[in-house]
Undergrad: 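Shown below is the structure under consideration.
Labels below follow one simple rule: chain letters A, B, ... track the order of the sequence lines, proteins then strands, and each chain is numbered from 1. Keep in mind it's a predicted model, so treat the numbers as computed, not measured.
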Amino acid sequence: MAERITPRSESYSDWYVDIVLQAQLADYSPVKGSMVIRPRGYALWEHIQRGLDGMFKETGHTNAYFPLLIPESFLKKEAEHVEGFAPELAVVTHGGGEELDEPLVIRPTSETIIWSMYKKWIQSYRDLPLLINQWANVLRWEKRTRLFLRTTEFLWQEGHTAHETEQEAREETLRMLEVYRTFAEEYMALPVLTGIKSESEKFAGAVATYAIEALMQDNKALQAGTSHFLGQNFAKAFDVQFQSRESTLEHVWATSWGVSTRLIGAVIMAHSDDKGLVLPPRLAPTEVVLVPIFRNKNKDQVVGAARGLFDELRTQFRIEIDDDENNSPGWKFAEWEMRGVPVRVEMGPRDIENGQVTLARRDTGEKEAVPTEQAAARIRALLDEIQRDLFERARVFREENTHHPATYEEFKALYNDGPGGFAVVPWDGDAATEAKVKEDTKATIRVLPFGNEEDAAGKTCIVSGKPAKHMAVFAKSY
RNA sequence: CGGGAUGUAGCCUAGUGGCUAAGGCGCCUGCUUUGGGAGCAGGAGAUCGCCGGUUCGAGUCCGGCCAUCCCGACCA
């Protein structure tokens, strides 16, 4: 601990790794590409789970658990799906010391095992909709890994729903995208763009993929969550039919949607600074830390008073007290700042004499003195302010880094020598055009915003000069 | 899978082929301290990534292997 964090200006990726390791969110494990999520990191995940799970329940979903191991043949039933995931699969070939008759894949996602079960559970329209979510780990063999952002094994939630009609499934897809947007903005203080993915970026096996996309401080985009309209692809692959209200036999309409521990990486990269982690209060495992400042001669008095305040505050806040005798106040300040605790309460002899405490906010470093009896009310207000300000700062950052280049030359300059960020430009809808942009600049279409077709009317593609079909948002991405 | 870098105590680093592998941080014990990363004294902690070779002698030279990180092609 107490080690230097590489400044962002020197190396953004070193800065990120330093924060994850030093704030004790995660550590490298013995297996390449996999990581240990330490208690401080897992607490963040628990908060994410709690918030999202509540929203899933409110929208009618229930949790279940499906197995880790999937027969290899299941993956092969949906052609695009298997093609998309084949390079990332880990396969179990032996069990109990013997070679298995059929290899088992470790789930990269659970559509196939779930739809094999839905076939058993769905016979009639009365069985629909079926709205199930699971919290689980999944495995995708990654060649290039980064703590939280891309690891071989990661934790996520995957919702899998079955519906009577196409319209109902499409509504569900957008409803859950909206849940993700709300969660990102209100809990994570992370402004996100929503929209549909281009063909080349969509999920293997989906008819349409929607996503929330956020902009990180290094001006690269991060896909923070996806929601897929699966059409009848999996219902047909697994022969899931139901008897309709008109007594006809129909294939079921499906969605799936997920967010992962990548969200932890997003929240780190969006808000933190060169002193360490900065967490939005609603997500912070510890909202407040109380640091008594004492000398030997007044230790009992100061710590006693601090403990009294602590007992009062703990009924309202997620709070810790640091009355360790060996570390100096300055050391503690720096340490708790590195851990990202939003509000610090300092209580020393001078404060006690004046009947006050000193409050310091993590995001700006500002300190203020407030009468002790008003501390709780002021802390509550401060936490709200910090939550709002973090979001607002991130939103302004995104606005300032969203560009509208008029020519392809300007566009290329933006990514090749320029600052990067989002670029909103007319696009002809051709995958070849998209591929050319990627080759020239490494930027890809992050999202086609809702309503973009109308905005594109009458415009010409920035690359090909052909009539534009979409207004596309490009960025380099993680 | 290509390119680059690095493996010496928990972490960071020093170490001309030659004596018992050195220092800082951290850790443990005690004392002293505490309003922005304190001080003193003592202490524990190392098959120098692994295997082989050269040599009277290898942390150091040679070969192979392994691992990790960083940069590129593929991805929540």
Undergrad: Which part of the nucleic acid, if any, lies within reach of A/Phe154 when heavy atoms closer than 4.0 Å are counted: base, sugar-phosphate only, or nothing?
TA: base

Undergrad: Under 4.0 Å, counting only non-hydrogen atoms across every strand here, what does A/Thr261 touch: a base, just sugar-phosphate, or nothing?
TA: nothing

Undergrad: Can you confirm whether the side chains of A/Ser256 and A/His160 place a donor and an acceptor under 3.5 Å from each other?
TA: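 Their side chains do not contain a donor-acceptor pair, so the 3.5 Å distance test is not met.
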
Undergrad: Taking only side-chain nitrogens and oxygens of A/Ser13, does any of them come within less than 4.0 Å of OP1 or OP2 of B/rC69?
TA: no

Undergrad: Which one is paired to B/rU29, where only Watson-Crick or G-U wobble pairs with both distances under 3.5 angstrom count?
TA: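 Check on B/rU29: paired to B/rA41, both distances under 3.5 Å.
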
Undergrad: Classify the ring geometry between A/His61 and A/Phe56 as parallel (under 30°), tilted (30 to 60°) or perpendicular (over 60°).
TA: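 Taking A/Phe56 first and then A/His61, their aromatic rings stand perpendicular (interplane angle over 60°).
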
Undergrad: Taking the side chain of A/Glu335 as heavy atoms from C-beta outward, which of B/rG37, B/rC70, B/rA76 is closest to it?
TA: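 It is B/rG37.
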
Undergrad: Under 30°, 30 to 60°, or over 60°: which ring-plane class applies to A/Phe183 and A/Tyr187, parallel, tilted or perpendicular?
TA: parallel

Undergrad: If you look at every strand shown and take non-hydrogen atoms under 4.0 Å, does A/Lys367 touch a base, only sugar-phosphate, or nothing?
TA: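 Counting heavy atoms under 4.0 Å across all strands, the contact made by A/Lys367 includes a base.
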
Undergrad: Answer yes or no: does a side-chain N or O of A/Ser328 lie under 4.0 Å from OP1 or OP2 of B/rU34?
TA: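 It does not, given that no N or O in the side chain of A/Ser328 lies less than 4.0 Å from OP1 or OP2 of B/rU34.
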
Undergrad: Name the nucleic acid region contacted by A/Gln223, choosing base, sugar-phosphate or nothing; use a 4.0 angstrom heavy-atom cut-off, strictly under.
TA: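 It contacts sugar-phosphate atoms only.
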
Undergrad: Any base atoms under 4.0 Å from A/Lys442, or only sugar-phosphate, or nothing? Heavy atoms, all strands.
TA: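 The residue A/Lys442 makes sugar-phosphate contact but no base contact.
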
Undergrad: When both hydrogen-bonding distances must be under 3.5 Å and the geometry is Watson-Crick or G-U wobble, what is B/rA73 paired with, if anything?
TA: none

Undergrad: Give a yes/no answer on whether the side chain of A/Arg350 brings an N or O atom under 4.0 Å of OP1 or OP2 in B/rG35.
TA: no

Undergrad: Strictly by Watson-Crick or wobble contacts shorter than 3.5 Å, is anything paired with B/rU55, and which nucleotide is it?
TA: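 Its partner: none found.
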
Undergrad: Given that both distances must come in under 3.5 Å, which nucleotide forms a Watson-Crick or G-U wobble pair with B/rC11?
TA: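 Answer to the pairing question: B/rG24, which forms a Watson-Crick or G-U pair with B/rC11.
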
Undergrad: Would you say A/Thr161 and A/Thr255 are linked by a side-chain donor-acceptor pair, where the criterion is simply a distance under 3.5 Å?
TA: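 Result is yes, a qualifying pair exists.
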
Undergrad: Would you please determine if the base of B/rG36 is stacked by A/Trp331, with stacking meaning a centroid separation under 5.5 angstrom and planes under 30 degrees?
TA: no

Undergrad: With a 3.5 angstrom cut-off on both distances, give the Watson-Crick or G-U wobble partner of B/rC50, or none if there isn't one.
TA: B/rG64

Undergrad: So what does A/Thr444 hit on the nucleic acid, given a heavy-atom distance under 4.0 Å: a base, only sugar-phosphate, or nothing?
TA: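 Here A/Thr444 touches no strand at all.
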
Undergrad: What is the nucleic acid contact for A/Arg146, judged by heavy atoms within less than 4.0 Å: base, sugar-phosphate only, or nothing?
TA: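 A/Arg146: no heavy atom of the nucleic acid under 4.0 Å.
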
Undergrad: So A/Gly258, base contact, sugar-phosphate only, or nothing? Heavy-atom distance under 4.0 Å.
TA: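 The residue A/Gly258 makes no contact with any strand.
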
Undergrad: Which part of the nucleic acid does A/Glu439 contact within heavy-atom distance under 4.0 Å: base, sugar-phosphate only, or nothing?
TA: nothing

